[in-house]
Amino acid sequence: MGQWIVKYEGSIDNSALEPNKANNYLEKAVDELLQKKQLSNPYTKAVGCKIFYRGEVAKMD
């Protein structure tokens, strides 16, 4: 079987309170991946609780 590769890690956007002014990080990353482009911003700082992949708990801040 193939191996999963994480191409983007981080926040969906940068404004939960004002969605019309948000910079949609995830949407841009998906668009770039679908166009087979290199991601312009593969990592953004997510605010709130974190979700970890199995075996990745050691990377907690």
Looking at Lys45 and Ser11, what are the two nearest heavy atoms and their distance? O-CB, 3.7 Å
I'd like to check the side-chain contact (heavy atoms from CB on, under 4.5 Å) partners of Leu26; sequence neighbours left out, ordered by chain and number. Tyr8, Ile12, Val30
Evaluate the criterion side-chain contact (heavy atoms from CB on, under 4.5 Å) for residue pair Lys7 and Leu39; output intermediate values, then yes/no. CA-CA 8 Å; Lys7 297 280 189 166; Leu39 294 185; 4.2 Å; yes
In terms of heavy-atom contacts, Ala46 and Gly10 come closest through CB-C, 4.0 Å
Spell out, as yes or no, whether a donor-acceptor pair under 3.5 Å connects the side chain of Glu9 to the backbone of Pro42. no
Atom of Glu32, atom of Gln38 and distance for their closest heavy-atom approach: OE1-O, 4.0 Å
Determine yes or no for a side-chain-to-main-chain donor-acceptor pair under 3.5 angstrom, with Ser15 supplying the side chain and Lys21 the backbone. no
Which pair of non-hydrogen atoms, one from Tyr25 and one from Asn14, has the smallest distance, and what is that distance? OH-CB, 3.2 Å
Atom pair CG/CD of Asp13 and Glu18 - distance to nearest 0.5 Å: 11.5 Å
